[in-house]
Number of protein chains: 2
Amino acid sequence: MTKLRPKFKIVDNMMPAPVSNLKVTTRAETVFTGLRQRIVEGEIAMGSKISEPELARYYDISRSTLRDALSRLEGSGLLERKANIGYRVVTLSTEKLLELFRVRESLEGMACYLAAQNMTAAQIAELRELLADHEKNEALQQGEAYFQKAGDLDFHFKIVFGSANQLLIRLLCEELYYLVRMYRFQFGMASPRAKKAFTEHHNIIQAIEDKDGELAEILMRRHISASRLNVEKRMNTL
Amino acid sequence: MTKLRPKFKIVDNMMPAPVSNLKVTTRAETVFTGLRQRIVEGEIAMGSKISEPELARYYDISRSTLRDALSRLEGSGLLERKANIGYRVVTLSTEKLLELFRVRESLEGMACYLAAQNMTAAQIAELRELLADHEKNEALQQGEAYFQKAGDLDFHFKIVFGSANQLLIRLLCEELYYLVRMYRFQFGMASPRAKKAFTEHHNIIQAIEDKDGELAEILMRRHISASRLNVEKRMNTL
DNA sequence: TCAAACTAAATTGTCGACAATTTTGAAATG
DNA sequence: CATTTCAAAATTGTCGACAATTTAGTTTGA
């Protein structure tokens, strides 16, 4: 197993670092980010037990530092912890996925409502551009690429940010979207909806541009609800 | 400053502990709970810097253990952390309170919708009983007691649990409600609504009993939205 | 006097070791 | 053979110390 941290830090910056270097990062934070990705992508299997000594060796850090990272992952909903037992990767299930859809339906619906009030013309233009890019890429590639790739989530992200509600942004972007991505990676999302999704996204943008918050909310809720129904249908036929 | 932990643990349980003793608790967990209460009630002022050495001495634990507790508080949204700077108690503001209302409006609306589908007759009866109790107490005490005290939140809690959506329950009960209580303690919630709130709660229960999820959701959203508007109005007149 | 530079103190980040608890698995019992 | 008991091993919880970074205070220089 490869060492992930060089023994000595190479120092060649005798000159003051670039003034706006905002990346004040700590080992725990780095490991947190790394682990998050490995969990989302399933390299560390869902439901698997976390061995602190083993992971600490893997990253060549102490257990204390690792635990710092693990506690953040628990906050992100990717790990669960039991006293005196330890951490375990969250277990995915269809039932939990349906619950997640319900929560997204409600939160993103609200985000969309607020986005209609708060997004600037520039932001909306940016959103349209994003969607156009995705459509262009989609035209080239095969059917289910859009849903699988980050494209769809980019769109949802931008709207959530457009809500300008910091709490909403934190809940969705820092806690729930990593779970969403985890489901997409490991369940491979349902995507007979690839084409319909574009239309729905277009309609949502239009409602936002018209400053019609109530419509925008309804459209977003239907958009997410449709995905949920898709999963429910699939679940019942199996 | 008083020591909060006795030097020696008194051992008088030579017999096996009660079989269903599920309270496996750790020092970090205990301190977490204690700190949470002190923060919510404002004993540790909002916005104040957390001194790890000082708090560790106060609870007579090591910094590692304290940090475990602090990281959980960050997960609960009561502390904020900056790398190399440390933890700080969240700062409350009217703007953030309005954001919180928006999130509650959306999540509790959904919870209410689901509760109408999932609550059993027994649960609904329990809910009615709770409300009746509150009304009885309210009749005795002065006007604004209901809102101030835990009564109102009890009602909301029960509905959230009635949703049977574990994710929703976790988000609302573990992450957001402590913030809500913190605002009530430290801002002293607006309560010309004390009487109206009872009526609204009754109507919500009725909709749930009728299994009319859509109405239940709308009523809950209006109920919370009314509180938000109250705060907005007050904000504009100052 | 004010601001920049430097030094000392305090705070957070990280480490390794020990204690408490759980898990493993072998031995004992029926 | 299945179940229980018990001891050893492994894992998590907790501790205190050191390193890295930030903060406070003092000195210096214009």
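The structure presented is a predicted model; accordingly, all values stated were derived computationally and were not measured. Throughout, protein chains are lettered first and strands after them, A, B, ... in sequence-line order, and every chain is numbered starting at 1.
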Inset, instruction - Give the B/S/- string for nucleotides 12-18 of chain C, one per nucleotide from 5' to 3', where a protein heavy atom under 4.0 Å of the base yields B, of only the sugar-phosphate yields S, and otherwise -. - result: BBBBB--
Legend entry - SB check B:Glu80 B:Arg88 (cutoff 4.0 Å): no
Inset, instruction - Kindly write out the residues that satisfy ring pair (Phe, Tyr, Trp, His ring centres under 6.0 Å) with A:Phe32, not counting sequence neighbours, or none if the list is empty. - result: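 For A:Phe32 there are no ring pair (Phe, Tyr, Trp, His ring centres under 6.0 Å) partners, ignoring immediate neighbours.
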Inset, instruction - Mind calculating the distance between CZ (A:Arg88) and P (C:dT22) to the nearest angstrom? - result: 15 Å
Inset, instruction - Could you please spell out the steps behind the salt bridge (Lys or Arg N to Asp or Glu O under 4.0 Å) verdict for B:Asp68 and B:Arg72? - result: CA-CA 7 Å; B:Asp68 190 331; B:Arg72 299 181 205 219; 3.0 Å; yes
With a 3.5 Å cut-off and sequence neighbours excluded, list the donor-acceptor pairs that the side chains of residues 89-97 of chain A form with protein atoms.
unit_1  : atom_1 : unit_2  : atom_2 : d
A:Ser93 : OG     : A:Lys96 : N      : 3.1
A:Lys96 : NZ     : A:Thr91 : O      : 2.8

Legend entry - Donor-acceptor contact below 3.5 Å, side chain B:Glu54 vs main chain B:Ser51: no
